[in-house]
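Sequence lines set the chain letters: A, B, ... in the order given, protein chains first and strands last, and positions in each chain run from 1.
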Amino acid sequence: MKSIYLDHNATTPLARELEKPMAQAARELFGNPSSAHRLGREARRLIDESRERVASLLGCGAPDVVFTSGGSEANSLAILGSAKAHGKPGHIITCATEHPAVLAAVDDLVKQGNRATRLPVDRAGRVSPDAFERALEEDTYFASIMLANNETGTIQPIAEMARIAHRRGVVFHTDAVQAMAKIPVRVGELEVDLLSMAGHKFYAPKGVGALYAKRGVPLQRVLAGGHQERDLRPGTENVAGIVGLGHACELAGQLLDAEMARQGGLRDELWELLKKAEPEVVRNSPAEGCLPNTLHVSFPGVDAEGLTIALDLEGVYVSAGAACASGAREPSHVLAAMGVPRELALSSLRLSLGRATTSAHVKAAARAIASCVAHCKKVARGE
Amino acid sequence: MRVVVAMSGGVDSSVAAYLMKKAGHDVIGMTMKIWPGEAKAAEGQRSCCGTDAVQDARRVAQILDIPYYVMDMVDTFEQKVIGNFVSEYMAGRTPHPCITCNTDMKFGQLLVKAREVKADKVATGHYARLVLDEATGRYQVFRAGSMEKDQSYALWGLTQDQLSRALFPLGELDKPRVREIAHELGLPVADKPDSQEICFVSTGNYRDFIAGKAPQPGPGAFVDAAGNTLGEHPGYTHFTIGQRRGLGIAMGDPRYVIQIRPTTNQVVLGTEAELARHTFEVRGVNWLAIGAPAEPVDCLVKIRYNGPPRAGRVVAAGEGRVCVMANEPFRAVTPGQSAVFYAEDGMVLGGGFIK
């Protein structure tokens with residue numbers, strides 16, 4: 001059975017180009033980068049080269065890049081590490097549609113005595129810079145707003161908010177996990193102090209990520225151990241993973257413009273096909289200011305749980321909100337923040353395209369979705 | 001045929017899944033998530049369908065190489081099963097939630113989910129036999145080959161439509177054989193103990209559970225049938241008919257709960273002899289293999305899951321109601337429990353709720 005993978009925002013396959021360099025790192029250049037001998041130095045060189053590749057994509061200096069075990073860790077380091085560096089409780093700003101990794105870290109800070117404002121969003125999922133400015137308080141010291149949303153693809157006006165933050169001496173972090181390799185991500189343009197990325201969202205392996213942490217921005221480690229990564233992230237480095245991440249960044253830079261256009265076109269084609277087959281379909285992803293690969297829709301009257309399973313069994317892999325192993329199905333907090341009614345939220349699919357997605361895939365997926373939607377409606381009518 | 005197997009993470013439903021696959025069906029495993037949030041059973045407690053159960057069911061599905069999903073049915077379970085459980089206790093009755101779970105969940109909402117994913121039937125690990133009578137075109141449920149594990153009692157509420165979409169692969173097997181099969185397959189649940197408690201009351205304490213759901217009556221009076229006060233009790237929801245333990249009453253001979261009166265919060269105690277009833281009413285009657293009979297039916301009647309079937313005569317008493325009568329009296333007839341009527345050959349004729 002052919003399969004069509006439309007869940008790239010959940011994760012992506014390893015890019016072919018990464019296999020050899022990663023295998024080489026794991027098998028031949030396997031030294032501990034902290035060792036003084038040749039094997040250690042060669043491993044150290046791999047990390048430094050990878051750091052430069054990441055920096056090149058972001059438009060920053062290599063020393064500004066700190067490698068982590070992934071996006072969640074990068075977010076934790078940014079948020080908890082900033083609070084640690086600040087040294088006393090105060091006020092922080094975030095947004096209602098952040099990834100659970102960010103919201104959980106913020107909750108931890110609140111438990112430690114900080115106050116947090118979780119800014120609301122509009123129907124498109126966007127935060128207003130005016131609202132951001134109004135939320136600033138006397139003792140605000142940190143803000144975290146995601147660059148692009150994992151569920152709907154909504155892109156936030158980060159640069160504007162970062163500028164406002166800096167006028168008041170507030171450190172600004174953005175979770176760019178979903179934005180990397182999908183839209184241009186340049187720290188100079190975004191004017192951020194901290195930025196998170198996760199390798200497995202853009203064709204690097206799972207278990208590796210990075211935090212852009214501009215030198216000079218107050219930040220302390222949250223894990224304890226040795227002195228690796230500017231004393232910000234101890235532990236023997238995941239060299240093979242880091243090599244993968246570096247190459248993935250290089251690849252992303254090369255493919256970005258073409259893929260933005262190509263995937264954006266396919267995403268639009270998918271939307272048109274779905275709308276034609278199911279005129280009642282609702283689009284939750286905004287038409288403007290959205291990741292080109294992401295399409296979040298709702299089918300009124302259809303339970304997304306049965307729909308995603310029916311599609312799975314036909315080899316079409318999509319998501320009904322974020323992935324969760326235990327099966328818990330509270331309607332997405334992102335959709336709730338956008339004002340999407342509960343019933344509709346539970347009737348939603350997130351479709352996210354990738355480099356391997358073709359027009360044939362899009363057509364076949366649209367057919368399968370339309371057919372399963374029609375079937376689910378029949379069952380709901382008791383036929 | 002595509003079949004959804006309701007997998008609880010126990011050895012019975014695990015082997016049921018295997019047997020369905022062995023029979024050549026396109027098997028899909030599903031666990032009904034009925035617990036809210038990420039709630040986990042307390043350490044050491046066995047809880048059906050909690051996150052540990054999901055782990056077990058998922059692992060079994062991996063070994064059997066079948067797709068496996070956890071289905072969110074929290075809201076429906078809360079409304080239908082838990083809601084009914086609590087209101088029955090508050091009404092002074094003793095519910096059997098498995099009955100409602102079978103009709104409203106396993107062959108209710110889960111069946112809808114199964115149909116959404118293009119499955120034709122739902123299979124469970126119930127020890128019961130399902131037969132399609134060619135002559136009448138009716139589905140019939142028979143007690144299982146294993147008298148000891150027979151669970152046909154819990155299926156009395158299923159309609160013909162539901163039965164036409166049900167499968168019970170364990171009908172002819174006994175427990176030792178089921179465990180043996182699980183061992184042969186290398187399933188990690190082969191020796192898992194059977195769950196003894198109500199599946200959604202992970203602590204085994206139903207009183208605390210319902211206290212958390214509805215305001216409880218305070219202390220009330222133990223009385224005898226004549227109306228004499230015998231002592232005090234902590235609240236009528238603590239008791240069930242036939243209960244002898246935990247009364248806190250010392251009389252000469254043993255006393256049993258013979259009636260519960262919610263409106264006055266009185267619990268009536270009596271002797272063994274007073275527990276005997278020659279006749280009682282049943283409501284919400286469902287006739288399975290046969291239509292509602294016009295004439296009285298002589299059959300075997302079970303008035304509880306763990307009790308032996310006794311001879312009785314079932315007489316129509318109005319819409320969905322019957323009267324059960326017997327020469328040899330029934331002991332501890334409990335409102336809220338189910339009365340299930342069997343033919344001599346073990347066929348389930350029908351059943352209903354004891355009034």
### Summary
Okay, B/Asp75 and chain A: the region with an atom under 4.5 Å from a heavy atom over there is side chain
### Query
What ring-ring contact (aromatic ring centres under 6.0 Å, His included) pairs are there with at least one residue in residues 59-83 of chain B, not counting sequence neighbours?
B/Phe77-B/Phe200
### Summary
Residue pairs passing the salt bridge (charged side-chain N to carboxylate O under 4.0 Å, His left out) test with at least one member in residues 4-18 of chain B, sequence neighbours excluded, are B/Asp12-B/Lys175
### Query
Partners of A/Tyr5 by ring pair (Phe, Tyr, Trp, His ring centres under 6.0 Å), sequence neighbours excluded?
A/His8
### NZ-CD1 distance between B/Lys113 and A/Ile309, expressed to the nearest 0.5 angstrom
7.5 Å
### Message
Could you check whether A/Asp312 pairs with B/Lys118 (Lys NZ or Arg NE/NH1/NH2 to Asp/Glu carboxylate O, under 4.0 Å)?
### Response
no
### Query
For atom NZ of B/Lys121, is the number of surrounding heavy atoms from other residues, nucleotides or ligands below 6.0 Å larger than 12?
yes
### Message
Please output the residues of residues 351-377 of chain A in contact with chain B, using a heavy-atom cutoff of under 4.5 Å, in numerical order.
### Response
A/Ser371, A/Cys372, A/His375, A/Cys376
### Query
With side chains defined as the heavy atoms from C-beta onward, is the minimum distance between A/Asp303 and B/Glu116 less than 4.5 Å?
yes
### Query
Taking everything shown except A/Lys275 itself, do over 12 heavy atoms lie less than 6.0 Å from its NZ?
no
### Summary
Nearest heavy-atom contact between B/Pro67 and A/Leu313 is CG-CD2, 4.0 Å
